[in-house]
Amino acid sequence: MSMFSAFDINASGLTAQRYRMDIISENVANAKTTRTADGTPYRRKVVTFEEKDRQTSFSHVLNKAMDNYTGKGVKVRGVYEDNQTEMNKVYDPTHPDADDDGYVLYPNVNIVTEMTNLIDASRAYEANTTAFEASKKMAQQGLAMAQ
């Protein structure tokens with residue numbers, strides 16, 4: 001693995017975690033949004049990742065193993081709406097979005113969960129920053145020894 005590959009891997013991790021933090025921020029910002037453009041309450045969004053250049057053919061896996069392949073980073077696989085968690089139903093007959101029984105559907109966003117995910121994403125971002133700095137320091141030391 002070349003030194004520039006290490007930079008690419010760390011940079012992909014930084015980009016992916018930054019995007020995850022943006023989606024978490026969107027979830028927190030819409031925690032009380034009861035009506036979106038389509039008339040339904042906001043649904044929590046979740047980011048998933050996968051390995052860059054992921055292929056599962058046997059020949060590809062064999063070639064990677066023979067080349068001592070160590071990976072090329074991470075990429076965002078997709079952003080999905082959380083359909084597993086139920087919406088929050090709150091009794092508020094004065095709310096304009098209340099149904100006939102006086103209940104309002106609020107988004108399935110739990111602030112504690114979102115803040116925990118935000119801490120996790122920021123720690124992963126910090127870890128990638130540390131790894132990037134270590135790679136940079138090794139490259140600088142290698143250049144200094146070559147002089």
Side-chain angles (χ1 to χ4, degrees), residues 1-140:
M1 176 171 78
S2 74
M3 187 58 64
F4 295 112
S5 293
F7 292 143
D8 289 341
I9 292 167
N10 293 322
S12 72
L14 289 167
T15 303
Q17 292 301 333
R18 173 58 197 231
Y19 186 71
R20 182 177 172 211
M21 287 188 274
D22 288 344
I23 296 299
I24 292 168
S25 298
E26 181 181 327
N27 288 341
V28 171
N30 287 296
K32 298 290 182 187
T33 304
T34 58
R35 188 182 314 161
T36 58
D38 64 358
T40 61
Y42 177 83
R43 281 204 172 271
R44 175 178 181 260
K45 294 179 181 165
V46 180
V47 179
T48 57
F49 302 129
E50 72 179 3
E51 179 185 350
K52 268 189 176 179
D53 300 327
R54 182 174 179 232
Q55 296 181 8
T56 55
S57 70
F58 178 76
S59 62
H60 184 74
V61 173
L62 180 62
N63 288 336
K64 285 193 320 187
M66 290 174 65
D67 293 339
N68 252 347
Y69 182 82
T70 58
K72 291 187 178 183
V74 66
K75 67 179 181 177
V76 174
R77 180 182 211 178
V79 178
Y80 304 100
E81 288 187 349
D82 179 5
N83 293 317
Q84 303 292 329
T85 310
E86 291 187 28
M87 301 297 245
N88 298 321
K89 199 172 190 179
V90 177
Y91 183 73
D92 185 2
T94 61
H95 195 283
D97 292 327
D99 63 11
D100 293 337
D101 296 328
Y103 286 96
V104 180
L105 278 180
Y106 281 95
N108 56 348
V109 176
N110 181 332
I111 297 298
V112 174
T113 301
E114 297 303 322
M115 294 309 291
T116 303
N117 289 341
L118 186 60
I119 291 169
D120 180 51
S122 68
R123 298 295 165 113
Y125 188 91
E126 289 172 12
N128 278 293
T129 302
T130 302
F132 190 90
E133 289 297 323
S135 297
K136 184 173 107 178
K137 187 174 180 180
M138 284 189 283
Q140 288 173 333

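Fair warning: this is a prediction, and the values are worked out from it, not measured in the lab.
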J.: Does anything in residues 18-43 pair up under ring-ring contact (aromatic ring centres under 6.0 Å, His included), and if so which pairs, sequence neighbours excluded?
T.: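 Sorted result for residues 18-43: empty, none.
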J.: Return the minimal non-hydrogen interatomic distance between T36 and P41, and the atom names on each side.
T.: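 Scanning both residues, the minimum pair turns out to be CG2-C, 4.1 Å.
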J.: Step through the shown structure and confirm whether more than 12 heavy atoms of other residues, nucleotides or ligands are within 6.0 Å of CZ on F49.
T.: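 Result for CZ/F49: enclosed.
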J.: Do the side chains of V109 and N30 get nearer than 4.5 Å, heavy atoms only?
T.: no
J.: Suppose we screen for side-chain contact (heavy atoms from CB on, under 4.5 Å). Which residues come up paired with T48, at least two apart in sequence or across chains?
T.: R77, Y80
J.: Would you check if S12 and K75 make a side-chain contact, meaning some heavy-atom pair closer than 4.5 Å?
T.: no
J.: Does anything in residues 110-129 form a ring-ring contact (aromatic ring centres under 6.0 Å, His included)? List the pairs, not counting sequence neighbours.
T.: none
J.: Atom CG of N128 and atom CD of E126: how far apart are they, to the nearest 0.5 Å?
T.: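 N128 CG to E126 CD: 10.5 Å, rounded to 0.5 Å.
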J.: Is the backbone of T85 close enough, under 3.5 Å, to the side chain of D82 for a donor and an acceptor to pair up by distance?
T.: yes
J.: Quickly, which of V104, L105, T40, N88 forms a side-chain contact (heavy atoms from CB on, under 4.5 Å) with T34? Name it, please.
T.: V104
J.: Once side chain to side chain donor-acceptor pair (under 3.5 Å) is applied, what residue pairs with a partner in residues 107-120 remain, sequence neighbours excluded?
T.: R20-D120, N27-E114, R44-E114
J.: Please name the pair of heavy atoms, one in R35 and one in G39, separated by the smallest distance, quoted to 0.1 Å.
T.: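 Nearest pair, atom of R35 first, then G39: CG-CA, 3.8 Å.
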J.: Do R123 and Q17 have side-chain heavy atoms sitting under 4.5 Å apart?
T.: no
J.: Among residues at least two apart in sequence or on other chains, which ones pass side-chain contact (heavy atoms from CB on, under 4.5 Å) with D100?
T.: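 With neighbours one apart ignored, the set is empty.
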J.: I need the single residue from T15, D22, L14 that forms a side-chain contact (heavy atoms from CB on, under 4.5 Å) with R18. Which is it?
T.: D22
J.: If you take all heavy atoms of A16 and V74, which pair is closest and at what distance?
T.: CB-CG1, 3.9 Å
J.: How far apart are the closest heavy atoms of G73 and I9, and which atoms are they?
T.: N-CG1, 3.6 Å
J.: Please enumerate all residues that pass side-chain contact (heavy atoms from CB on, under 4.5 Å) together with K32, with sequence neighbours excluded.
T.: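 Once residues adjacent in sequence are excluded, the partners of K32 under the side-chain contact (heavy atoms from CB on, under 4.5 Å) criterion are Y106.
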